[in-house]
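Here is the structure we will look at, set down as structure tokens.
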Amino acid sequence: MKIFDSILDPLRALYPELAGADLPLTAPPSLEHGDIAVPFFLAARRLKQAPPKLAADAAARAEFSDLVREATSAGPYLNLRLDRSRAAREILEHILAAGDHFGAGNTGQGLHAVIEHTSINPNASPHLGRARCAMIGDSISRLFRFEGYDVEVHYYVNDMGRQIGLLVLIADELGSLSFDQILDAYVRANARAEEDPAFAEAGYALLARMEEGAPEVQAKFKAVTDLCLQGQLAVLARIGARYDVFDRESQYVRDPRLEQVQDALRAREALFIDAEQRLVVDLSKLGYTQEEGRFFVLMRANGSSMYGYRDLAYTIDKHQRGADLDLIVLGEDHKLYAQQLALILGAAGFPAPEAVYYSYILLKSGKMSTRQGKVVLLADFLDQASALAAERVAEQCAEFDVVEQRRIAEQVAVAAVRFAVLRVGPNKNMIFDLETALSFQGDTGPYIQYSCARIRSILRKYGQPLPGTLPEAIQAEDPAEWALLLRLASLPDVIETAVIQRNTSSIAQFALDTARLFTTFYHECPVLTAETPALTQSRLQICRATLRTLQNALGILGIEIPERM
RNA sequence: GCGCCCGUAGCUCAGUUGGAUAGAGCGCUUGCCUCCGGAGCAAGAGGCCACAAGUUCGAAUCUUGUCGGGCGCGCCA
């Protein structure tokens with residue numbers, strides 16, 4: 001609870017041997033205990049005393065500022081009852097002053113971050129599993145930008161490889177290929193390569209010519225991958241995922257830095273040519289202890305390169321652009337691969353990027369399966385959600401023109417997926433239930449948007465802009481007001497944790513809790529019809545601060561807040 | 001088989017650098033629209049926190065084992 005940190009100064013004066021982190025400020029389980037609480041476990045350990053004894057001692061001896069009305073100990077806790085109105089004013093003032101930076105720890109000032117995410121294979125419209133990567137990566141990018149980092153988002157375009165070669169062959173046969181046909185063509189090409197060795201061989205041959213630099217072959221690869229990439233990016237743009245730099249895999253085939261890597265591997269006797277004439281790394285020479293995954297193939301017998309070989313050059317390249325923070329968001333299926341890559345890079349003296357892993361999305365009916373048609377495409381979900389939302393918007397915002405109504409419906413649809421996906425910790429398999437995600441009820445993105453729309457409705461009805469400064473006296477004695485304000489004040493702590501853990505799911509939880517607390521406040525504490533004009537002014541300020549806080553939190557999640565919905 | 005991740009209410013998820021009575025939503029039961037937006041609110045029922053042992057003043061949280069789910073161990077990317 002960073003905002004109230006100065007409350008603890010009297011305790012620090014009392015126990016000068018304590019470090020700052022020894023005295024955390026937490027919310028009590030219920031407001032009946034107090035408005036704010038200090039657990040004494042850490043302090044007790046440092047001072048070698050029993051926690052309850054120390055808490056009692058602190059309650060008896062500390063002389064707090066007049067912000068604190070009462071200090072009582074309860075077991076190992078020191079519970080403080082505050083002058084809520086005075087404390088509320090401090091919180092509101094802090095939020096008002098910080099504005100769209102409220103919550104930011106500014107740990108990224110002057111630092112450059114390179115974040116790679118999504119980087120999906122150019123073979124189909126993205127399904128929810130792929131989109132999870134994009135949402136997590138996009139949200140982390142927003143988080144670090146919020147923290148003050150200069151963030152550069154990279155997208156690695158897999159514009160070559162055996163499967164693209166096969167796809168080019170199919171495209172040639174068909175004469176033309178559209179984005180919608182690509183997945184089908186991709187599946188057919190791979191199936192055919194398995195049963196038809198001549199077709200597979202033609203694919204490899206095409207790939208080899210591509211690597212040798214044959215212009216007409218390169219043009220074909222580019223045409224196919226561009227078609228797919230543009231289709232994918234159009235869908236990703238709907239959920240607000242933006243990329244600054246597109247790096248093409250084909251640029252890294254003959255990278256001179258790969259010679260350097262090979263030399264380093266030879267020096268460690270970790271590079272050899274196997275019986276099938278492939279160029280292989282023996283990772284056991286680099287400290288890898290398992291037998292499984294010990295060998296890493298760099299080049300095929302015909303001299304064409306493997307994915308990992310090009311990725312080495314790419315990873316070095318990203319690092320050499322001067323990243324203070326080099327992050328990559330990867331599916332959990334890439335864990336071993338990333339470990340292998342890191343070992344090879346390490347042997348050549350290059351650092352590996354820090355990886356954030358996400359697990360797969362499952363459906364109620366089990367795993368997603370493209371072949372069985374058991375997939376939820378991001379585009380399909382957005383279409384359905386947007387259509388449902390549009391019906392509600394047409395009723396409630398009838399006076400808006402159709403274009404505006406559609407825009408709002410799309411914002412609701414995006415909030416529904418982004419919140420559903422981002423609220424779950426990335427390392428957990430999550431089960432996506434289409435029906436629940438389309439209901440917009442309960443713990444959902446649209447619920448949070450709805451709370452914000454209510455705030456805006458109140459501010460609109462008030463009919464005049466709020467003053468830029470707070471009134472002298474703020475009234476906030478109601479438990480609903482206080483609980484909400486206390487939550488708002490915790491945003492900096494939530495962000496700090498999110499930055500450290502590279503995980504924004506706690507921010508989603510924060511936004512939901514805040515929206516719920518606001519709704520309770522909304523029902524308990526009339527704003528425009530409050531008992532006195534002064535109370536109305538106080539509550540208007542609480543409304544504004546809540547909206548500001550939710551804007552900042554939802555901004556990191558990539559969820560927009562419609563004026564009305 | 002070996003390695004990594006996960007297992008919390010009927011279902012979907014929070015809570016995990018060990019700390020106050022394990023929290024939401026959905027579904028179920030019961031109330032609430034002359035009152036700032038019912039995409040809502042209030043209340044109720046529903047938990048050997050997968051199982052077993054251990055560490056600790058204290059374990060959903062840490063350790064080990066068992067069971068269950070996900071992922072990986074390719075001339076795929």
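As a basis for the values below, the full set of heavy atoms in this structure was taken, side chains included, without hydrogen atoms, waters or symmetry mates. Computed from a predicted model, the values in this text were never measured in an experiment. Numbered from 1 within each chain, the chains take letters A, B, ... in sequence-line order.
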Regarding [X], tell me which of base, sugar-phosphate or nothing describes its non-hydrogen contacts under 4.0 Å with the strands shown.
X        : result
A:Cys452 : nothing
A:Gly75  : nothing
A:Ala453 : base
A:Tyr447 : sugar-phosphate

For [X] and [N], what is the distance between atoms [atom1] and [atom2] respectively, to the nearest whole Å?
X        : N     : atom1 : atom2 : answer
A:Gln340 : B:A77 : CD    : P     : 14 Å
A:Tyr357 : B:G3  : OH    : C1'   : 13 Å
A:Ile361 : B:C6  : CD1   : P     : 17 Å
A:Met160 : B:C75 : CE    : C1'   : 14 Å
A:Phe518 : B:C41 : CZ    : P     : 12 Å
A:Leu535 : B:C36 : CG    : C1'   : 13 Å
A:Tyr522 : B:A39 : OH    : P     : 10 Å
A:Glu531 : B:C35 : CD    : P     : 18 Å

When you compare the side chain of [Y] with that of [X], does any pair of heavy atoms fall below 4.5 Å?
X        : Y        : answer
A:Asn427 : A:Tyr357 : no
A:Arg460 : A:Arg564 : yes
A:Met565 : A:Cys452 : no

Of the listed nucleotides [options], the one nearest the side chain of [X]:
X        : options             : result
A:Arg162 : B:A77, B:C41, B:C36 : B:A77
A:Asn121 : B:G72, B:C36, B:A77 : B:A77
A:Pro526 : B:A39, B:C75, B:C36 : B:C36
A:Asn427 : B:A77, B:C41, B:C6  : B:C6
A:Asn158 : B:A77, B:A39, B:G70 : B:A77
A:Asp333 : B:C36, B:G72, B:G40 : B:G72
A:Glu249 : B:A77, B:G40, B:G70 : B:A77

**Request:** Apply the test side-chain contact (heavy atoms from CB on, under 4.5 Å) to residues A:Tyr360 and A:Lys367: give CA-CA distance (whole Å), side-chain angles for both, the deciding distance (0.1 Å), then the verdict.
**Result:** CA-CA 9 Å; A:Tyr360 285 16; A:Lys367 299 185 205 180; over 6 Å; no

**Item:** Presence of A:Tyr186 side-chain N/O under 4.0 Å of B:A77 phosphate oxygens OP1/OP2
**Value:**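 False: A:Tyr186 side-chain N/O out of range (4.0 Å or more) of B:A77 OP1/OP2.
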
**Message:** Under 4.0 Å from OP1 or OP2 of B:A77: is there any side-chain N or O of A:Tyr307 that close?
**Reply:**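 No, A:Tyr307 has no side-chain N/O under 4.0 Å of OP1/OP2 on B:A77.
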
Span that lies between the [atom1] atom of [M] and that of [N], in whole angstrom:
N     : M     : atom1 : result
B:G19 : B:G74 : P     : 41 Å
B:C57 : B:G15 : P     : 28 Å
B:C11 : B:U55 : C1'   : 35 Å
B:G3  : B:G25 : C1'   : 36 Å
B:G18 : B:U56 : C1'   : 9 Å
B:C5  : B:G58 : P     : 28 Å
B:U16 : B:G10 : C1'   : 25 Å
B:C75 : B:G69 : C1'   : 32 Å

**Message:** Please determine whether ring-ring contact (aromatic ring centres under 6.0 Å, His included) holds for the pair A:Tyr77 and A:Phe41, giving the CA-CA distance in whole Å, both sets of side-chain angles, and the decisive distance to 0.1 Å.
**Reply:** CA-CA 8 Å; A:Tyr77 294 90; A:Phe41 300 105; 5.7 Å; yes

**Request:** Describe, in one word, how the ring planes of A:Phe521 and A:Phe518 are oriented to each other, choosing from parallel (under 30°), tilted (30 to 60°) and perpendicular (over 60°).
**Result:**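 If you compare the ring of A:Phe521 with that of A:Phe518, the planes turn out tilted.
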
**Message:** Angle between ring planes, A:Phe295 versus A:Phe272, binned at 30° and 60°: parallel, tilted or perpendicular?
**Reply:**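 Perpendicular.
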
**Request:** Determine, step by step, whether A:Arg45 and A:Asp22 satisfy the salt bridge (Lys or Arg N to Asp or Glu O under 4.0 Å) criterion, reporting the C-alpha distance in whole Å, the side-chain angles of both residues, the deciding distance to 0.1 Å, and the verdict.
**Result:** CA-CA 9 Å; A:Arg45 194 169 303 166; A:Asp22 291 336; over 6 Å; no

**Message:** Could you check whether A:Arg294 pairs with A:Glu291 (Lys NZ or Arg NE/NH1/NH2 to Asp/Glu carboxylate O, under 4.0 Å)?
**Reply:**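 Yes.
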
**Message:** Any salt bridge linking A:Asp226 with A:Arg248? Criterion: basic side-chain nitrogen under 4.0 Å from a carboxylate oxygen.
**Reply:**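 Looking at A:Arg248 together with A:Asp226, the answer is yes, because their closest N to O distance falls below 4.0 Å.
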
**Item:** Per-nucleotide protein contact string for nucleotides 12-34 of chain B (B base, S sugar-phosphate only, - none; heavy atom under 4.0 Å)
**Value:** SSS----BBB--BS---------

Please tabulate, one pair per line, all N/O donor-acceptor pairs under 3.5 Å involving side-chain atoms of residues 384-395 of chain A, not counting sequence neighbours.
unit_1	atom_1	unit_2	atom_2	d
A:Ser386	OG	A:Glu410	OE1	3.1

**Item:** For B:C48, glycosidic torsion class - syn if within 90° of 0, otherwise anti
**Value:**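 Because its glycosidic torsion lies more than 90° from 0, B:C48 adopts the anti conformation.
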
**Earlier contact from the 5' end, RNA chain B, for A:Thr519 and A:Glu332** =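 Taking each residue's closest nucleotide, the earlier one in sequence belongs to A:Thr519.
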
**Prompt:** Relative to the 5' end of RNA chain B, which residue comes earlier, A:Arg310 or A:Tyr360, by the nucleotide with the nearest heavy atom?
**Reply:**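 First, find each residue's nearest nucleotide; the 5'-ward one identifies A:Tyr360.
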
**Message:** Under 3.5 Å for both pairing distances: what stems, at least three Watson-Crick or G-U pairs long, include RNA chain B?
**Reply:**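 Correct response: B:1-7 with B:67-73, B:10-13 with B:23-26, B:28-32 with B:40-44, B:50-54 with B:62-66.
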
**Asked** What pair of heavy atoms forms the shortest contact from A:Pro426 to A:Ile136, and how long is it?
**Response**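 Closest pair (atom of A:Pro426, atom of A:Ile136, distance): CB-CD1, 3.8 Å.
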
